[in-house]
Amino acid sequence: MEETKRSRDFIREIIDSDLASGKHKEIVTRFPPEPNGYLHIGHAKSICTNFGIAKEFNGKCNLRFDDTNPVKEETEFVEAIKEDVEWLGFKWNSLRFASDYFDRMYSFAEQLINMGFAYVCDLSPEDTRTYRGSLTKHGKNSPYRNRSVEENLDLLRRMKNGEFPEGSRTLRAKIDMASPTMSLRDPAMYRILHRSHHRTGDKWCIYPMYDFAHCLEDSIEEITHSLCTLEFEVNRPLYNWYLEILNIFRSRQIEFARLNLSYTVMSKRLLRKLVEESLVNGWDDPRMPTLSGLRRRGVPPVAIRNFCSTIGLAKRNSIVDIALLEHCIREELNKTAPRVMSVLNPVKLVIENYPEDKTEYFDYVVNPEDESAGTRPTPFTRELYIEKDDFMEDPPKKFFRMGPGREVRLRYAYLVTCTGVIKDEEGNITEIRCTYDPETTGGNAPGGRRVKGTLHWVSAAHSSPVEVRLYDRLFNKENPMDTEEGVDFTSSLNPDSLCTIANCMVENHMKDKEPGFICQFERKGYFCIDPDSSSEKMVFNRTITLRDSWAKMKAKKKQ
Ligand code: ATP
Ligand code: MG
């Protein structure tokens with residue numbers, strides 16, 4: 001599938017010039033998730049950028065798990081992240097774990113002590129904060145700042161050997177407590193955490209801080225361009241400081257804007273809360289902005305890649321309208337999804353003058369957007385199902401669907417005229433009766449007859465009940481994080497984001513399809529078979545409706 005053409009953004013321009021000047025012969029990037037949750041569509045932007053750039057420039061991209069904080073990390077997340085990256089369509093050059101470098105990081109720390117650039121500090125976390133000062137106030141030197149190299153080495157080794165409790169000491173870089181750059185005011189390098197790590201077990205009880213670890217990881221892997229989100233801009237001086245002082249491979253950090261989407265939240269921490277408090281049905285709930293949720297919902301990976309290249313890379317944070325993502329999904333599915341007739345809210349339609357034992361087959365166009373998809377035979381019989389809301393007993397003039405005495409077209413089949421209804425004791429319609437005109441095969445209207453309405457239908461004898469899950473936006477608010485003080489973001493969860501309908505009728509040939517199969521239910525939207533399906537009952541997720549508000553909005557603007 002042809003993807004949207006990328007324009008030259010500021011990162012690609014930097015890379016162009018680094019290659020032209022001979023600074024680098026080969027581009028190496030990395031995608032560095034922390035395995036503390038499932039990936040979301042914000043990560044997709046980073047994945048498409050890092051892997052996409054490596055591919056375009058014939059370079060390499062590593063998948064690196066940034067697993068330096070044992071408190072929140074789990075192997076389950078490592079596996080889920082690998083699956084998601086592959087599903088999005090990318091292959092890593094090399095699979096790495098930051099924890100593989102713990103020994104090397106530790107020797108870099110000792111090296112910095114030996115060079116007089118690091119010290120063990122006994123200030124409490126509160127005092128450390130006070131000593132740091134603020135943007136308008138210089139920091140104050142720690143009373144432990146001038147310990148000797150020998151004392152520092154001894155203390156660090158004892159920290160590593162587990163002699164001290166958590167929070168009692170840190171290893172800090174010795175830079176400048178008066179620096180206007182806050183990140184350079186003697187930042188912490190190591191902290192004590194008596195925790196088991198998902199890969200190194202109990203080998204370590206000191207763990208490196210992100211700022212110290214990340215630049216070393218990049219340097220060890222000889223990452224040429226370390227692409228990250230804007231919030232790391234303030235840490236760039238520190239990133240460069242470590243690499244310069246240690247005189248090791250200089251990776252270049254470049255920041256770009258995070259992706260934020262309207263009507264959802266985009267942080268593993270917040271998504272994790274939704275999962276842990278059972279506010280959604282797991283990480284792969286189809287309402288979640290996670291890649292596993294989008295996959296389960298039926299969103300094709302190419303739609304996500306196209307979305308990411310459409311939004312591009314910028315230097316300013318903003319909120320992207322979720323309608324743009326939906327537009328990319330529809331564009332893709334319209335081209336690729338086979339059409340199917342299914343009735344979500346069925347009522348029986350009986351054709352009085354159609355023979356009881358007859359079955360006819362009409363040629364059904366599988367995808368009008370894709371000639372190669374061809375046609376398939378669709379069975380037609382005397383008893384059908386149509387949508388309840390395609391019928392009105394007392395229809396207004398503009399209602400072009402079915403009503404007593406009115407003629408409508410049954411898609412691909414015949415014109416039929418409603419003759420009446422049968423009701424139960426409570427007055428509910430249980431059956432609609434009609435007659436068909438045998439001269440109208442294929443839905444033709446001979447003699448200039450004007451028939452406006454075309455209804456979809458299924459043959460009662462050739463369809464089965466299924467469950468359908470309809471989804472709406474997860475939050476009612478455009479920006480769920482924009483709350484009054486003390487109000488939690490979960491307060492704007494949309495209580496109607498999931499609507500389950502039992503006993504929808506779909507054509508029987510769908511039974512051969514596997515979970516993940518995506519199709520269009522004509523007039524109703526795009527649907528995907530859910531893994532909850534069993535041989536007794538299939539379950540379909542509605543990926544998205546057919547109406548495209550984004551395309552409409554664009555068209556309006558042009559006018
Ligand atoms: P979260 O808050 O969801 O945990 P994170 O930045 O802490 O996000 P990481 O696992 O550290 O998550 O992220 C891996 C990479 O993905 C980082 O380089 C990060 O900058 C990038 N990333 C995370 N969220 C977004 C986003 N919304 N848009 C673009 N890139 C993102
Ligand atoms: Mg993080």
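Counting convention: from 1, in listed order, for ligands and their atoms alike. What you see below is based on every heavy atom in this structure, not just the backbone, and it leaves out hydrogens, waters and symmetry mates.
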Looking at [X], which atoms of ligand 1 are within less than 4.0 Å of one of its heavy atoms?
{"X": "P33", "answer": "10 (O), 14 (C)"}
{"X": "P32", "answer": "14 (C), 18 (O)"}
{"X": "T229", "answer": "19 (C), 20 (O), 29 (C), 30 (N), 31 (C)"}
{"X": "K268", "answer": "1 (P), 2 (O), 3 (O), 4 (O), 9 (P), 10 (O), 12 (O)"}
{"X": "L259", "answer": "26 (C), 27 (N), 28 (N), 29 (C)"}
{"X": "H43", "answer": "3 (O), 8 (O), 9 (P), 10 (O), 12 (O), 13 (O), 14 (C), 16 (O), 22 (N), 23 (C)"}

Would you give the length of the straight line joining atom OG1 of T224 to atom CZ of R30, rounded to the nearest 0.5 angstrom?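 CZ of R30 is found 10.5 Å from OG1 of T224.
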
Considering non-hydrogen atoms only, spot the tightest contact between F65 and K82 and give its length.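 Closest approach of F65 to K82: CZ-CG, 4.0 Å.
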
Give yes if a backbone or side-chain nitrogen or oxygen of H40 is under 3.5 Å from a nitrogen or oxygen of ligand 1, and no if not.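 Right, the criterion is met.
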
Report yes if G42 has an N/O atom closer than 3.5 Å to an N/O atom of ligand 1; otherwise report no.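 The answer is yes, given that G42 and ligand 1 share an N or O pair closer than 3.5 Å.
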
For [X] and [Y], test the side chains for any donor-to-acceptor distance below 3.5 angstrom and give the result as yes or no.
{"X": "E76", "Y": "Y38", "answer": "yes"}
{"X": "D186", "Y": "Y119", "answer": "yes"}
{"X": "S196", "Y": "D202", "answer": "yes"}

So, does R185 use its side chain to make a donor-acceptor pair with the main chain of R132 at under 3.5 Å?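 At least one qualifying donor-acceptor pair exists.
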
Is the closest heavy atom of R269 to ligand 1 under 4.0 Å?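 R269: no contact with ligand 1 (<4.0 Å).
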
Could you work out, for atom 8 (O) of ligand 1, the closest of E34, R258, K72, R272 by heavy-atom distance?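 Among E34, R258, K72, R272, the closest heavy atom to atom 8 (O) of ligand 1 comes from R258.
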
Using the ring centroid of each side chain, check whether F108 and Y101 are separated by less than 6.0 Å.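 Distance test on ring centres: not under 6.0 Å, no.
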
